[in-house]
Structure formats: C-alpha cells, structure tokens
K.L.:
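One structure is given below, represented as structure tokens, and several questions about it will come after.
As the structure is a prediction and not an experimental result, all values here were calculated from the model. For the numbers below, each heavy atom of this structure counts, side chains included, while hydrogens, waters and symmetry mates do not. Below, chain A is the first sequence line, B the second, and so on; all start at residue 1.
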Number of protein chains: 2
Amino acid sequence: MNLTFRQLKVFEAVARHLNFTNAAKELHLSQPAVSMQIKQLEEQTNTPLIEKLGKKLYLTEVGLEMQDYARSTMQQLVDLEETIAQMKSMKRGHLKLAVASTANHFVIRLLARFAKIYPKISISLDVTNRISLLDLLEKNECDLVIMGRPPEGHNLQSAPFLENPLVVVSHPHHYLADREQVSLKEIASEGFVVREQGSGTRSAAERFFTEHDLEFKAKMDMSNNRAIKHAAEEGLGLAIVSLHTLELELKAKTLKIVNAEGFPIYRHWYVVQREGKRLSPIAMVFNDYIMQEADKLMLDFDLPLFKNL
Amino acid sequence: MNLTFRQLKVFEAVARHLNFTNAAKELHLSQPAVSMQIKQLEEQTNTPLIEKLGKKLYLTEVGLEMQDYARSTMQQLVDLEETIAQMKSMKRGHLKLAVASTANHFVIRLLARFAKIYPKISISLDVTNRISLLDLLEKNECDLVIMGRPPEGHNLQSAPFLENPLVVVSHPHHYLADREQVSLKEIASEGFVVREQGSGTRSAAERFFTEHDLEFKAKMDMSNNRAIKHAAEEGLGLAIVSLHTLELELKAKTLKIVNAEGFPIYRHWYVVQREGKRLSPIAMVFNDYIMQEADKLMLDFDLPLFKNL
DNA sequence: ATATACCATAAGTTATTCCTTATGGTAACA
DNA sequence: TGTTACCATAAGGAATAACTTATGGTATAT
C-alpha cells in the first residue's frame, strides 16, 4: 500500500463534504481530479471507501477508518510544522552545554540570565574535566563547550569571549595577604598548591614564571579546583586560580588575593565547538549572547575589579 | 510543507543507519537517490535534519523530531493496513442490523449463533417498527433490515429467507383451544385482537379472510405485538400472530395455538437492503448466512412443526 | 601521502503523477 | 418526462518525481 498525502488530503475533503464537487471547489480542482484521487486511494486499499446511494455519499466502514487516519496524519503534520517553527524561533528547543568545572560557577550565572530571555528552552549542562569535554565534542554530544584555551589539533573551533584573570590567593592570615605589593621574586619563593600536569591554569602559571626566569615551586598538586582552594584556605600554600571561581571564598573571607607583581595573569575563557558543526538556532544565539554580553554581565558579579579590566 | 511518504521512508532508514550508503542498500537504491530524498526533505522543512561531522552523521534536533514523526506516521500506516485487512477477513468490523419488533425474538437467536462464528465482529441491532425500518434504510444507517414483506417503491432489494407461519392463538381455556380442528367459519365468527391498520400481519389476515369470503372482525387493535399476545392471554379475544414470537408463551402455556382450518398462513421474513447498496463484507456474510441457514436453525427452536414445514 | 569510505552534485532518462476538458450515465425532483 | 445535480470515464498533455551513472570533494586512517 503506497498512499500519498495528496490522496489523503483529497479524501479528507470528500469525507467531510460527502460531495465530490464541493470538495473539488475547496481544493481548487476540477471534479474529475477528485474522482481520480479517490479512485486511486480505493485501488491502493483495494476496498471501497465511499459508497454512493442515490444522490448521497456515504463512507464505508473502511472509509471511516481512512478518515480517522487521514485526519490524524494531517494533524500530526501540522504539529510537526508547529514544532519545527517553534524550534526555529527558539520558543522551543534544547541547548546542550558542557563546561570545565572551573568555569561552572560563573557559567551558571550566565545561563540563569540567558534562560530568563528564552524561558521555553531547556538546557542541559555537563560539568566535567578537559578530557571529557573534548570527548563530548568529539562524539557530538553537546552543542558548545566552555573551557580555557582548547588544545590544538582536535578539529575544534574556538573563540575567546571573556578574560580569565588568574590571581594568587592565600590564607587570610598569610604573611603576604595584607601587603600592598608583593614582588614576583617573593611570590616565587613560596610553595604552591596547583592542579595536575596538563591543567590549563597550571601551565599558564608555569609559563608565566619561566618567562620571568623564575622557578615555579609546586608543593602539592590536586586534580580539583575546589580542593586547591581548600588547601590554600588551610594554609598549605599559595594557589593560583581563576578569579571567577573565588566569589564565595572572598565573600566569606576564607581566602585573600595576594597583590602579587604581574598578576593577575590574563588568560581567556573560550566557547568551543567542533569544526564544521552547524549550530542549532538556539546554540547560535547562546554563542552570540555570551560573546557580546559576558563582559558586561561579569560586572554584576561580586568580584574585585582590576584596573585594566 | 509538502512531504511525501517516500521522503519519510528514506529519511527513517538514514536516521536508523546514520549512513546514506547503507540506507541505500536497504532500500535497494543508489546512494545519490537517498541523498536527493534527504535533500528534498530538508528543503521542505527548510532546516537541516542531518549533519555530517567528519565521517559520522548525526541527527539535528529537528532531525530527531522528524524521525519521531516518520516512525509514528509509518506505524500508523501499518496499523491502518492491519485494520483494513482485519475488516476484510471479518476479524473485525461492525454489522448494523434493524429488525421489526415482531422478528426480534428469533433474530436474536440467529444472531447469537452468528456471533459465535465471528466473535470479533461487533453488532448493533435496532428493534423498531416498519416505518422506522424504512427510514433507517433510507438514511443508510443500517446494513440490513429483517422484516415482513417490504412495501414496493422504496428502492429496496429484498429476499425472503424464512417462512413465517401465522397462527391463531387463544387463552388456554378458550373453548376452541383444545379442539382438534376448528372450521374457518367458526374462527371467523370470533372477535380478534389485531395490530393497527397497515401492519403486515393484519393485512395478511384480512386478505386471507377476504379470499375465503369471510369477514374479519377486529375487536380491538393495538400497535404492539406483545400487547396483542397479552390481550389474548387475558381472554380478550383470539389473535393472529407469527409463530416465531410465541416460543415463550407456548412454553409457559399462557397461550394455545388453535387448530384453525387453513392455518398457519404462510408469509415470509425478508432480508432487506437499499437498492444499490454495496454490503460490507460482514454484512454480505450475514446475508448469506441467514439465507442458507435460517431454515435449519429454526428447527432447533422449541416451536411446533406443522406438517408442511 | 595515499588509499579508503562516504556524501554531494550533475546530467540525462523514464515513468508517473496530476490535472485539464469533454462527455456520458444515473438518481432525484418537479 | 424533462431537468438538474452529480459522479465516472476517456483522452491528452504538462510537470515533475525518481532513478540511474559518472564524477567530484572531503575526512579518516594507514
């Protein structure tokens, strides 16, 4: 059986009018055109759908089934169109994001604002480590990723959208904590609690010290940013972390920013997507949104401003 | 938007395989043929449905919607085919009957047997008077009607399928009740309880007496067969009724058949349909069933047999 | 760098779809 | 009985749908 939508459409009109001529008028067709479509449909099903008794038309039992089917199929088509239209106009849709755990805090705040503008959009947010992020992109399991600078050679497209100031933090009673200015040399003489090898923050710090011909002393390394901050809070050493992860600790005064020479180091947050990926409308809008608005939005956050921010 | 089933079918295959070439093989098509169908579908929706990242294919969000739609539509089509097939093979369907109230009793017994043979068929039975029966036929609101001889000139097709013996009944203690033979003259001298003017039974009786040059004395008339029998039970007079309506009263011995000369009068039960009506498969089968089987089935009923039956 | 797997595109052909006009037949109705 | 309303059928033509083969491009893998 190989029906066509055309047949169904014509049949539906006939079933409604119970009159070929009127159905033809509605469809802007000649009457024989309608006859033919119905005839074809009856040939397809190999059973009469309409019976003519005297002047009047009646649907057969199968005809009634067919009418149900035609209506439901056509309604579903309308629904589909509606759904697609909504998706296009971002009244509906799903945004799949993934962020580096370090970025989690501020991204959620960005997302909260974004979600208010597009209330019908559902969002899923995966918070995970760099390796997993790349994996998600690789498998096309998310639209966009927010992370530090992505590695080369993964067929990725990335764009920096926000400065990411790395600052030195210490226990609030650390002897360097209240100094107006701490020279780089002094800082370098301290031991640091750092992320594992390969972490973006760690390599940025290492590069920074190397560029200034200083050694970077990693006293302890941990795989989790929260753990690093906690270690610093406990006085295990200084730490270099993204300012954006510090809102809570600064407010609670469990950590202090050390006024270290040359800091903050400015790195960037990137929006990353797979090369060649055609973003969904909503992902595209989100991308534009953070590219344009992230700077401004960060101003609302309760974070210290550095002169060149 | 003007999709085709073909597009949906091809799309479904591609969405399942996530591979054009394999989908093409499954459909016994060349790969470009598949490409074209997908392309057309994307043009219809004006949005990408499939995205290619590197070597792998992925469905876009709209693509996923489309996949749902395609599957559900195709499933519905399968369901429709199944339904039609069942209707054709009478595993499903609906039989709309209407019977004269006089025929109700025995028709229900016929129907009970018929329903056992076609257990999946639903049946509706309208029990009503002659006028309404003709009206139902006129409006094509039932497949078949069972009644006495239908009037001419209504564009009806009818066929007798069963003899309808009309007998004279009386109160069991009526003075004629136990007589071995009652002459027609004696009968004619009695007063009768009869149906209203226009009733088939009444005109048959009248004609019968007229043919024998006797007068037919209608003492009382009623519009309902049950009421007539009741009147006879109460000794209000003799009655002429169809033997087929008497099973209960004979068993209960509340009425007796009078051995009247010339009785039973043989009339017939007819199956009636509208001229030109194309019966549904199940109606046709029912028609055949009663034409062939009604005689035999009546033998199982607890009714007296007359010599020439 | 080359081979491989895979999809896109182009060009051309065939078949089918879909519609039109013209005409015929039938039931209802006056 | 003629008229009217309505559907069926026939014939013909325009559009297009649906494939095919051939070829090109691109990402991946070796």
K.L.:
Quick one about Asn104(B) and Ser101(B) (side-chain donor to acceptor, distance below 3.5 Å, no hydrogens or angles considered), yes or no?
P.N.:
no
K.L.:
Do Asn164(A) and Ser242(A) meet the criterion of a side-chain donor-acceptor pair at a distance under 3.5 Å?
P.N.:
yes
K.L.:
Any salt bridge between Arg71(A) and Glu12(A), counting N to O under 4.0 Å?
P.N.:
yes
K.L.:
Roughly, in whole Å, what's the span from CG in Leu27(B) to P in dA18(D)?
P.N.:
13 Å
K.L.:
Tell me: CD1 of Ile38(B) to P of dC19(D), nearest whole Å?
P.N.:
12 Å
K.L.:
Whether Gln37(A) contacts dT17(C) is assessed here as follows: a side-chain N or O lying under 4.0 Å from the phosphate OP1 or OP2. Is that the case?
P.N.:
no
K.L.:
Side-chain N or O of Ser30(B) less than 4.0 angstrom from OP1 or OP2 on dT20(D)?
P.N.:
yes
K.L.:
Once you round it to whole Å, what is the distance between P of dT9(C) and CD of Gln40(B)?
P.N.:
13 Å
K.L.:
Specify the residues of residues 4-17 of chain A, ordered by number, for which at least one heavy atom lies under 4.0 angstrom from an atom of DNA chain C.
P.N.:
Arg6(A)
K.L.:
I need the CD-P distance between Glu51(A) and dC6(D), as an integer number of Å.
P.N.:
19 Å
K.L.:
Near DNA chain D, counting only heavy atoms under 4.0 Å, which residues of residues 272-280 of chain B show up?
P.N.:
none
K.L.:
At under 4.0 Å between heavy atoms, which parts of nucleotides 1-8 of chain C does protein reach? Answer with one letter per nucleotide, 5' to 3': B base, S sugar-phosphate only, - none.
P.N.:
----SSBB
K.L.:
For the residue pair Trp269(B) and Phe106(B), does the interplanar ring angle fall in the parallel (under 30°), tilted (30 to 60°) or perpendicular (over 60°) class?
P.N.:
tilted
K.L.:
Could I get the full list of salt bridge (charged side-chain N to carboxylate O under 4.0 Å, His left out) partners for Lys139(A), not counting sequence neighbours?
P.N.:
Asp135(A)
K.L.:
Rounded to the nearest angstrom, tell me the gap between atom CD in Gln44(A) and atom C1' in dT16(C).
P.N.:
13 Å
K.L.:
Specify the residue among Ala33(B) and Glu138(A) whose closest nucleotide of DNA chain D lies further upstream toward the 5′ end.
P.N.:
Ala33(B)
K.L.:
Heavy-atom nearest nucleotide on DNA chain C for Leu29(A) versus Met36(B): which residue maps closer to 5'?
P.N.:
Met36(B)
K.L.:
Indicate the atoms forming the closest heavy-atom contact of Phe114(A) with Val285(A), along with that distance.
P.N.:
CE1-CG1, 3.9 Å
K.L.:
How many whole angstroms separate atom NE2 of His28(A) from atom P of dC18(C)?
P.N.:
18 Å
K.L.:
Using whole Å, report how far CG of Asn2(A) lies from C1' of dA15(C).
P.N.:
14 Å
K.L.:
Rounded to the nearest angstrom, tell me the gap between atom CG in Asn155(A) and atom C1' in dA29(D).
P.N.:
13 Å
K.L.:
Check Phe11(B) against Ile38(B) and note the closest heavy-atom contact, atom names and distance.
P.N.:
CA-CD1, 3.7 Å
K.L.:
Can you tell which of Glu81(A), Lys120(A), Arg92(A) makes a side chain to side chain donor-acceptor pair (under 3.5 Å) with Gln86(A)?
P.N.:
Arg92(A)
K.L.:
Return each pair, listed once, that meets salt bridge (Lys or Arg N to Asp or Glu O under 4.0 Å) where at least one residue sits in residues 21-47 of chain B; pairs must be two or more places apart or across chains.
P.N.:
Arg16(B)-Glu26(B)
K.L.:
List the atom pairs, with distances to 0.1 Å, where a side-chain N or O of residues 143-160 of chain B and a protein N or O form a donor-acceptor pair under 3.5 Å, not counting sequence neighbours.
P.N.:
| from | atom 1 | to | atom 2 | distance (Å) |
| --- | --- | --- | --- | --- |
| Asp143(B) | OD2 | Lys96(B) | N | 2.9 |
| Arg149(B) | NH2 | Tyr270(B) | OH | 3.2 |

K.L.:
Count the heavy atoms of every other residue, nucleotide or ligand shown that sit under 6.0 Å from NZ of Lys91(A), and state whether that count exceeds 12.
P.N.:
no
K.L.:
Yes or no on salt bridge (Lys or Arg N to Asp or Glu O under 4.0 Å) for Glu196(B) and Arg202(B), after CA distance, side-chain angles and deciding distance?
P.N.:
CA-CA 7 Å; Glu196(B) 75 280 8; Arg202(B) 174 159 181 174; over 6 Å; no
